[in-house]
Amino acid sequence: MNSCPCGSGNDYTACCEPIITGKKTAETAEQLMRARYSAHVKVDVDFIYKTTHPDHREGYDHKGTKIWAENSEWHGLEILSTTEGGPKDDQGEVEFIARFRDKNGVRSHHERGQFERKRKKWLFTTGSMVKSQPLSSEKIGRNDPCTCGSGKKHKKCCGK
């Protein structure tokens with residue numbers, strides 16, 4: 001089984017691949033978000049561009065997005081919440097954390113993405129970064145879960 005990068009637990013060929021290849025459309029904003037994450041992993045930046053609402057493409061850096069996707073090691077997607085964005089909605093919000101490693105180390109991208117349905121297709125419009133909560137003054141032990149949320153022990157993740 002070729003598990004889908006989006007973290008759904010489903011096979012890629014039955015999950016995000018048909019959406020990315022255009023064989024089917026995303027039924028929900030969350031499905032589109034998952035497919036966009038998988039497109040980063042698979043370096044399919046054309047899909048990322050096509051699923052960005054035309055009114056929100058200004059400043060989109062196709063080449064830079066491709067270089068970033070190619071040079072990142074993708075560690076997973078966590079969907080924290082969805083507001084609306086269902087099959088009968090015209091707008092939705094998906095809050096997510098995308099984890100990856102780049103030349104600067106292990107990172108996480110925490111965002112609230114806004115989506116709009118146009119001509120029966122979900123499109124990404126804008127995203128706003130979610131600021132980290134203040135860190136506790138408690139000391140983090142080497143065997144404690146990592147504060148980045150990776151699920152790994154601190155010593156095996158950000159505590160290196």
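By the salt bridge (Lys or Arg N to Asp or Glu O under 4.0 Å) test, E111 is found to be paired with no residue, residues two or more places apart in sequence or in another chain being considered. T83 meets the side chain to side chain contact (heavy atoms under 4.5 Å, CB included) test with E93; sequence neighbours excluded. The side chain to side chain contact (heavy atoms under 4.5 Å, CB included) test applied to A29 returns V94, F115, W122, not counting sequence neighbours. With sequence neighbours excluded, the residues satisfying side chain to side chain contact (heavy atoms under 4.5 Å, CB included) with K66 are V43, V45, E70. Here R57 pairs with nothing under the salt bridge (Lys or Arg N to Asp or Glu O under 4.0 Å) rule; sequence neighbours left out.
Once rounded to the nearest 0.5 Å, the distance linking CD of Q31 with OG of S8 reads 9.5 Å. If you take CG on L123 and CG on L32, they are separated by 7.0 Å, rounding to the nearest 0.5 Å. Taking CD of E73 as the reference point, atom CZ of R101 lies at 6.0 Å (rounded to 0.5 Å). Atom SG in C16 sits 11.0 Å away from atom CG in D11 (nearest 0.5 Å). The distance from the CZ atom of R99 to the NE2 atom of H110 is 9.0 Å, given to the nearest 0.5 Å. From E116, atom CD reaches atom NE2 of H53 across 4.0 Å, with rounding to the nearest 0.5 Å.
Applying the salt bridge (charged side-chain N to carboxylate O under 4.0 Å, His left out) test to every pair with at least one member in residues 30-54, sequence neighbours left out, gives these pairs: E30-R34.
The heavy-atom pair separating G86 from T28 by the smallest distance is CA-CG2, 4.2 Å. Minimum interatomic distance between I79 and L77 (heavy atoms only, all atoms of both residues): CD1-CD2, 3.9 Å.
Of the candidates F100, W74, F124, F47, W74 is the only one forming a ring pair (Phe, Tyr, Trp, His ring centres under 6.0 Å) with Y37.
Atom OH of Y49 is surrounded by 12 or fewer heavy atoms from other residues, nucleotides or ligands within 6.0 Å. Enclosure of atom NZ in K121 is not indicated, since only 12 or fewer non-hydrogen atoms of other residues, nucleotides or ligands lie within 6.0 angstrom.
Side-chain atoms of R117 never come within 3.5 Å of backbone atoms of G85 as a donor-acceptor pair (strictly under, hydrogens ignored). Between the side chain of T52 and the main chain of I48, a donor-acceptor pair closer than 3.5 Å is present. The main-chain N or O of G127 is never found under 3.5 Å from a side-chain atom of R112 such that the two would form a donor-acceptor pair. Of the possible donor and acceptor atoms, one in the side chain of T125 sits under 3.5 Å from a partner among the backbone N and O of Q114.
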Note to self: Under the criterion side-chain hydrogen bond (donor to acceptor under 3.5 Å, both in side chains), I'd like the reasoning laid out for E58 against H56: C-alpha separation, chi angles, the key distance, then a yes or no.
What the structure shows: CA-CA 6 Å; E58 186 176 327; H56 298 271; over 6 Å; no
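Under the 4.5 Å side-chain contact rule for hydrophobic residues, M33 and W68 share a cluster.
R107 and D102 are joined by a salt bridge, as a carboxylate oxygen and a charged side-chain nitrogen come within less than 4.0 angstrom of each other.
Counting only heavy atoms from C-beta outward, the side chains of L80 and I97 approach each other to under 4.5 Å. Counting only heavy atoms from C-beta outward, the side chains of S3 and Y12 never approach each other to under 4.5 Å. Within the 4.5 Å cutoff, side-chain heavy atoms of I20 are placed close to those of S38.
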